[in-house]
2 protein chains.
Amino acid sequence: MRELVYGVLDKNRKALSLYEIEQQFDNVDRSTIFRTLKTFQDNLLIHSVDDGSGAVKYALCDDDCTCSLDDLHYHFLCTKCGQTHCLKNMPIPKVDLPEGFNFENANFVIKGTCPNCQG
Amino acid sequence: MRELVYGVLDKNRKALSLYEIEQQFDNVDRSTIFRTLKTFQDNLLIHSVDDGSGAVKYALCDDDCTCSLDDLHYHFLCTKCGQTHCLKNMPIPKVDLPEGFNFENANFVIKGTCPNCQG
DNA sequence: ATAACTTTGCAATACTGTTGCACGTAATTC
DNA sequence: GAATTACGTGCAACAGTATTGCAAAGTTAT
């Protein structure tokens, strides 16, 4: 099961929701996939993004991903097709927080239309 | 009711969830507050933030807030106390998206510890 | 083969958000 | 002033996602 779920994430190359992953199987229970994803997260294989679509989405980490600390790249949610893309080659800039605030993690989501949905 | 809800938001000076607002009243129904907040949003009095905590939070807009288009300031979610602060004096930087991506909106949430929870 | 452990599926539950409906109050019309 | 309309509220129900308890099925070790 883990191999299958990993395969789906690897094949799609974008962030998928629990429901979307479930759709790619015929007879696998939500909870099974949920626990599989949780295992992956615990072992830092994937990171999760809350893109504000109402469902958390999951995507594979790169080898050098530091998402245990933070998931420091932008994500892009297309408002037309609902797909979430990882903009991995766009590191987020350093943020100068006001005095007293301590940076741990960040979740930067940009919304708009993706290349597939232009025109 | 609207005055009361507005008062709560004004008094707290941070983003509150529907549930948190409900807690500040004795016998007011969730749906009433929900609809009040919706009215506020329609009239651009408040903006909403999804900080990934599982609950959308609401905060008053400034007079010059352009949150009809986007809510372009950082938000800070404290991982200890769970409070969400608006970092209104920190506008988000312009982002150079890859070819084909079209910017409409952004939601930048930083997580960490807030001044109240240091040490 | 038996025991211990893991994985899976089903069902139920939690939590947030949302809507339908009925009641009551306030404003408007005649 | 009575009838009508509009509006706000509370209750209850429902939707969607996330999560957990439990038992059956499968796997591994002894």
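Chain identifiers are assigned alphabetically (A, B, ...) following the order of the sequence lines, protein sequences preceding nucleic acid strands; residue numbering begins at 1 within each chain.
- Proximity of a side-chain donor or acceptor of B:S48 to a complementary backbone N or O of B:K57 within less than 3.5 Å is not detected.
- Contacts with DNA chain C (heavy atom under 4.0 Å) in residues 16-29 of chain B: B:L18, listed by number.
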* To do: Apply side chain to side chain contact (heavy atoms under 4.5 Å, CB included) to the pair A:N107 and A:D50, showing each step before the final yes or no.
  => CA-CA 8 Å; A:N107 187 32; A:D50 186 341; 4.2 Å; yes
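- Closest contact between the side chain of A:M1 and the listed nucleotides C:dT8, C:dT16, D:dA18 involves C:dT8.
- Side chains of A:T113 and B:E104: a donor-acceptor N/O pair is absent below 3.5 angstrom, by distance only.
- Counting to the nearest Å, the P atom of D:dC11 and the CD1 atom of B:I33 are 12 Å from each other.
- Remark: the A:R35 side chain and the C:dG9 base include a donor-acceptor N/O pair separated by less than 3.5 Å.
- Residue B:K38 places at least one side-chain N or O under 4.0 Å from the OP1 or OP2 atom of C:dT19.
- Atom pair B:D50:CG and D:dG16:C1' shows a separation of 14 Å (rounding to whole Å applied).
- Distances shorter than 4.0 Å separate some side-chain N or O of B:T32 from OP1 or OP2 on D:dG10.
- Using a 3.5 Å distance cut-off with no hydrogens or angles, the side chains of B:R35 and B:T39 do not pair a donor with an acceptor.
- In this pair, A:F108 and B:Y74 present their aromatic rings tilted. The plane angle is within the 30 to 60° band.
- The distance from atom CZ of B:R30 to atom P of C:dT16 is 8 Å, rounded to the nearest whole Å.
- Side-chain nitrogen and oxygen atoms of A:R2 include at least one within less than 4.0 Å of the OP1 or OP2 phosphate oxygen of C:dT7.
- One interatomic measurement links the two molecules: CD of B:E3 to C1' of D:dG8, which rounds to 14 Å at whole-angstrom precision.
- With ring centers used as reference points, B:H73 lies 6.0 Å or more from B:H85.
- Not a single salt bridge (charged side-chain N to carboxylate O under 4.0 Å, His left out) links A:R2 to another residue, sequence neighbours left out.
- Counting only heavy atoms from C-beta on, A:S31 has its side chain closest to C:dA11 among D:dA12, C:dA11, C:dT8.
- When rounded to the nearest whole Å, the span between CG of B:L37 and C1' of C:dT18 equals 13 Å.
- For B:F34 and D:dG16, the CZ to P distance is 15 Å, given to the nearest whole Å.
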